[in-house]
**Q** 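My structure is below; once you've seen it, I'll send some questions.
Letters A, B, ... mirror the listed sequences (proteins, then strands); counts begin at 1.
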There are 2 protein chains.
Amino acid sequence: MSDLLERLRGRGWRMTPQRRVVAEVLAGEHVHLTADEVLARAAARLPEIARATVYNTLGELVALGEVAEVAIDGRAKRYDPNAHRPHQHLVCSGCAAVRDVRPDGDPLADLPAAERFGFTVLEVEVTYRGLCADCA
Amino acid sequence: MSDLLERLRGRGWRMTPQRRVVAEVLAGEHVHLTADEVLARAAARLPEIARATVYNTLGELVALGEVAEVAIDGRAKRYDPNAHRPHQHLVCSGCAAVRDVRPDGDPLADLPAAERFGFTVLEVEVTYRGLCADCA
DNA sequence: ATATTGACTTGGACCAAGTCCATTGTAGGA
DNA sequence: TCCTACAATGGACTTGGTCCAAGTCAATAT
């Protein structure tokens, strides 16, 4: 779980208690916390951490490519530490649970030239929606 | 363009000047306005229209299935009158232009059973990102 | 070990998007 | 034309997020 910490240190990222707890909170698979959830969990370990620090740190982790920002609903953005592997998301419309998934094939290839309107298409973001086993 | 109005009338939707201008503003292809943009354009025709009315009306159009709500970025939701035909979106990272596109195949079919985690998958939302001809 | 300093953190004000609600207005049927 | 249920209003409120001036501290150089 602390390979994220390792990588950050290796990249010369200045380590502070605040940054460390934010990175620790984000460790793991299928983690998709909102900024406020990150703040709440970080504050449980380090009560004086400021909200702005959480936003700053998340923003840097995103800029470094270590964490992905995902806009699953129109509400708060979520932060996904599983950024090193390309993947998509499966979301439960009932309870908002999120799973990382890897569809077959390359979704980018499914967009024919005639539908590209002269764009240079660089990436694709797929969100599957449905009901999880508990909500069905 | 006013087939939207027709359909709404046909479904017994109570027509008012406010609802009519909102529906008119949304008419057309490749239209993806934010609520505030809808408000601004509606207000150009009907200056006393209230913000809450625009939100209410958009919410009803979405509930009726006549307009789709799309969360293209983490910012304001956009409203897409092209809801009768399933389609996906192609977004320019430079200027935020949005085009409706129809990829080959069914993206839903690309998610193997092993990656469904017991979910009943009902729909899929795909956002292609890149640079348009002008921004490239 | 200590001084230095530029980067990091803080907290509070501010902003944008959206919701809520009590009041007022009106579309459309009798 | 009158009623009344439904719609619109506007202003307060909430949520999610950004900004900034001031204070603090991690890392480096001495």
**Q** Of all the nucleotides listed (C:dG28, D:dT18, D:dT9), which has the minimum atom distance to the side chain of B:Met15?
**A** C:dG28

**Q** Are there over 12 heavy-atom neighbours, none belonging to B:Arg75, within less than 6.0 Å of that residue's CZ?
**A** no

**Q** Return the value, rounded to whole Å, for the distance between atom CD of A:Glu69 and atom C1' of D:dT18.
**A** 13 Å

**Q** Rounded off to whole Å, could you give me the CG-to-P distance for the A:Asp36 and D:dT15 pair?
**A** 10 Å

**Q** Rounded to the Å, how far apart are B:Leu58 CG and C:dA17 C1'?
**A** 13 Å

**Q** A:Tyr55 has a side chain; which of D:dA26, D:dG16, C:dG11 sits nearest to it?
**A** D:dG16

**Q** Looking at A:Arg19 and C:dT9, is any side-chain donor or acceptor paired with a base atom of the opposite kind under 3.5 Å?
**A** no

**Q** Using atom types as modelled and distance alone, determine if a side-chain donor or acceptor of B:His30 lies under 3.5 Å from a backbone N or O of B:Asp100.
**A** yes

**Q** In whole angstrom, give the distance that lies between atom CZ of B:Arg75 and atom P of D:dG17.
**A** 10 Å

**Q** Tell me: CZ of B:Arg51 to P of D:dG10, nearest whole Å?
**A** 12 Å

**Q** Tell me: CZ of B:Arg78 to C1' of C:dG18, nearest whole Å?
**A** 15 Å

**Q** If you check the B:Thr57 side chain, which of D:dC6, D:dG16, D:dA8 turns out closest?
**A** D:dA8

**Q** What is the distance from CD1 of A:Ile49 to P of C:dG11, rounded to the nearest Å?
**A** 11 Å

**Q** Any side-chain donor-acceptor pair under 3.5 Å between B:Arg102 and B:His87?
**A** no

**Q** When you measure only distances, ignoring hydrogens and angles, does the side chain of A:Arg14 come within 3.5 Å of the base of C:dC8 through a donor and an acceptor?
**A** no

**Q** Reckon B:Ala52 touches a base, only the sugar-phosphate, or nothing at all at heavy-atom distances under 4.0 Å?
**A** base

**Q** Please report, rounded to the nearest Å, how far the P atom of C:dT26 is from the CG atom of B:Leu46.
**A** 11 Å

**Q** Would you kindly compare B:Pro17 and B:Thr34 by the position of their nearest DNA chain C nucleotide and give the one closer to the 5′ end?
**A** B:Thr34

**Q** Whether A:Gln18 contacts D:dC25 is assessed here as follows: a side-chain N or O lying under 4.0 Å from the phosphate OP1 or OP2. Is that the case?
**A** no

**Q** If only side-chain N and O atoms count, and only distance matters, is there a donor-acceptor pair under 3.5 Å linking A:Tyr128 with A:Gln88?
**A** no

**Q** What's the closest nucleotide to the B:Thr16 side chain, out of D:dA8, D:dT9, C:dT10?
**A** D:dA8

**Q** Examine A:Leu46 and A:Leu26 and state if one hydrophobic cluster contains both, with Ile, Leu, Val, Met, Phe, Trp and Tyr joined whenever side-chain heavy atoms are less than 4.5 Å apart.
**A** yes

